[in-house]
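When reading the values below, keep in mind they use all heavy atoms of this one structure, side chains included, and skip hydrogens, waters and symmetry mates. Below, chain A is the first sequence line, B the second, and so on; all start at residue 1.
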Number of protein chains: 2
Amino acid sequence: MRHDTSCAGSHFSVDCPSRLLFDQVADKWSMMIMTVLHGGATRFNDLKRRLEGVSQKSLSMTLKRLERNGIIARSVIACTPPGVLYELTPLGLTLLPPFQAIYRWANENMHAVEAARNAYDRNIGSA
Amino acid sequence: MRHDTSCAGSHFSVDCPSRLLFDQVADKWSMMIMTVLHGGATRFNDLKRRLEGVSQKSLSMTLKRLERNGIIARSVIACTPPGVLYELTPLGLTLLPPFQAIYRWANENMHAVEAARNAYDRNIGSA
DNA sequence: CAGTATCCTATGAGATACTG
DNA sequence: CAGTATCTCATAGGATACTG
């Protein structure tokens with residue numbers, strides 16, 4: 001089985017790995033979940049509390065998708081009250097540094113992006 | 001004006017910069033566009049050809065959004081036939097390294113992700 | 001606690017046709 | 001060439017209610 005990236009040079013075919021990544025694991029919630037899990041295994045409702053604004057459904061779906069892609073692991077702890085822990089897999093851990101680079105960029109360049117947006121919107125208005 | 005990231009520790013508030021980033025500039029098409037533009041200023045239809053599967057509408061919208069956020073610049077060249085060039089801004093250039101880290105991860109870990117997915121789907125079937 | 005199921009709506013995105 | 005406009009449809013996602 002070949003694993004042609006099909007993205008050589010500057011042509012991006014439909015089966016480009018980067019598409020898979022952005023379709024499956026590089027969204028907003030995924031990044032936040034992984035960042036939280038980096039601090040240790042976490043319960044469902046703890047996650048929900050930390051990810052302000054996430055709906056139960058979105059969280060549930062995102063967790064399942066991340067689990068399916070081998071990024072996080074789900075484990076049931078038999079106790080009362082029953083609980084479930086989510087944690088990063090070794091594979092998931094390797095994704096953290098790239099995400100942190102993105103996250104760092106976001107923090108460092110928020111101002112510039114906001115300024116650009118304001119400038120753009122002003123020009124639209126006066127165009 | 002304070003620029004509280006509101007994401008200290010492991011709580012992600014609604015105005016977290018990373019959310020802005022993923023909402024505005026960290027999607028699939030954006031990353032591919034930026035990668036192409038890294039090779040030099042490019043015309044609209046050239047971009048369309050290289051991004052297999054992108055619709056004219058999606059490309060147009062994504063370009064406008066990136067321009068609004070200060071990531072790329074649009075310049076009209078007065079000639080026949082008339083043309084438009086898109087290129088990365090200095091700000092856009094700074095986003096490239098983080099994106100390349102993601103891209104590299106995708107290429108290196110495609111196999112593992114696919115394997116995880118297959119395993120997961122097999123277990124679902126036999127559960 | 002940790003979800004699933006259902007309903008409903010807003011947005012995303014393709015296809016197509018048209019414009020400066 | 002470089003888009004915009006419109007139409008349509010599929011999906012993502014929130015709210016709510018229910019279950020093991």
Side-chain angles (χ1 to χ4, degrees), chain A residues 12-14 16 19-20 22-33 36-37 40-69 72-87 120 123-124 127, chain B residues 12-14 16 19-20 22-33 36-37 40-69 72-87 120 123-124 127:
Chain A
F12 289 83
S13 92
V14 289
C16 167
R19 299 203 188 191
L20 176 77
F22 274 99
D23 283 343
Q24 296 290 322
V25 297
D27 60 291
K28 191 176 58 175
W29 297 130
S30 294
M31 202 197 90
M32 287 189 255
I33 289 171
V36 171
L37 294 191
T42 311
R43 279 162 176 261
F44 185 88
N45 280 327
D46 279 345
L47 274 168
K48 182 157 162 37
R49 268 184 290 277
R50 293 184 207 245
L51 272 49
E52 193 179 311
V54 72
S55 72
Q56 208 167 24
K57 181 183 173 184
S58 293
L59 180 56
S60 178
M61 280 179 20
T62 305
L63 287 170
K64 209 177 292 179
R65 185 160 38 80
L66 289 178
E67 188 192 357
R68 182 163 105 97
N69 285 278
I72 67 175
R74 176 185 185 276
S75 53
V76 179
I77 45 179
C79 65
T80 32
V84 175
L85 283 179
Y86 291 95
E87 60 193 322
Y120 184 92
N123 287 338
I124 293 294
Chain B
F12 289 85
S13 92
V14 290
C16 167
R19 299 203 186 192
L20 177 77
F22 274 98
D23 283 344
Q24 296 290 319
V25 298
D27 60 292
K28 192 176 57 175
W29 297 130
S30 295
M31 203 197 88
M32 288 189 254
I33 288 171
V36 171
L37 294 191
T42 310
R43 280 161 174 261
F44 185 88
N45 280 327
D46 280 345
L47 274 168
K48 182 155 160 39
R49 267 183 291 276
R50 293 182 207 249
L51 273 46
E52 194 179 310
V54 72
S55 71
Q56 207 167 28
K57 181 183 171 183
S58 292
L59 179 56
S60 179
M61 280 180 20
T62 305
L63 286 171
K64 210 178 292 181
R65 185 160 38 79
L66 289 178
E67 189 193 356
R68 183 162 105 96
N69 285 278
I72 66 175
R74 177 185 185 275
S75 55
V76 178
I77 45 178
C79 67
T80 30
V84 175
L85 284 179
Y86 291 94
E87 60 194 322
Y120 183 93
N123 286 338
I124 293 294

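- One can place CG of A:D23 at 13 Å from C1' of C:dA13, the figure rounded to the nearest angstrom.
- Atoms CZ (A:F22) and P (C:dA13) sit 14 Å apart, rounded to a whole Å.
- The side chain of A:R43 has C:dA2 as its nearest neighbour among D:dG3, C:dA13, C:dA2.
- One interatomic measurement links the two molecules: CD1 of B:I77 to P of D:dG3, which rounds to 11 Å at whole-angstrom precision.
- The distance between atom CG of B:L59 and atom C1' of D:dG3, rounded to the nearest whole Å, is 10 Å.
- The side chain of B:K64 lies closest to D:dT4, out of C:dC1, D:dG13, D:dT4.
- Here B:Y86 does not reach the OP1 or OP2 of D:dC1: none of its side-chain N or O atoms lies under 4.0 Å away.
- Between the CG atom of B:D27 and the C1' atom of C:dT11 there is a distance of 14 Å, rounded to whole Å.
- B:E87 places none of its side-chain heavy atoms less than 4.5 Å from the side chain of B:I72.
- Nucleotide C:dG20: paired with D:dC1 (Watson-Crick or G-U wobble, both distances less than 3.5 Å).
- Put simply, the side chain of B:T62 never gets that close to the backbone of B:S60: no donor and acceptor are under 3.5 Å apart.
- In this structure, A:R19 contributes its side chain and A:F12 its backbone to a donor-acceptor pair below 3.5 Å.
- With C:dT4, C:dA13, C:dA2 as the choices, the nucleotide that has an atom nearest any side-chain atom of A:S60 turns out to be C:dT4.
- For A:F44, the listed nucleotide lying nearest its side chain is C:dA2; candidates were C:dA13, C:dA2, D:dA2.
- Nucleotide D:dT11 holds its P atom 14 Å from the CD atom of A:Q24, rounded to whole Å.
- Each of D:dA2, C:dG14, C:dG3 was ranked by its minimum atom distance to the side chain of B:V84; first place goes to D:dA2.
- Between A:S58 and the phosphate of D:dA12, there is no side-chain N or O to OP1/OP2 separation shorter than 4.0 Å.
- Put simply, CZ on B:R74 is 10 Å from P on D:dA2, counting in whole angstrom units.
- Whole-Å rounding puts the B:Q56 CD to C:dG12 P distance at 19 Å.
- Out of D:dA2, D:dT16, D:dG13, the shortest distance to the side chain of B:N45 is found at D:dA2.
- Salt-bridge check for A:D27 with A:R65: passed, with a basic side-chain N closer than 4.0 Å to an acidic carboxylate O.
- Two residues, A:S55 and A:P82, neighbour DNA chain D, and the one matched to the more 5' nucleotide by heavy-atom proximity is A:S55.
- Side-chain contact check for A:L47 versus A:V36: some heavy-atom pair is nearer than 4.5 Å.
- Distance from the side chain of A:K57 is smallest to D:dG14 among D:dG14, C:dA13, C:dA2.
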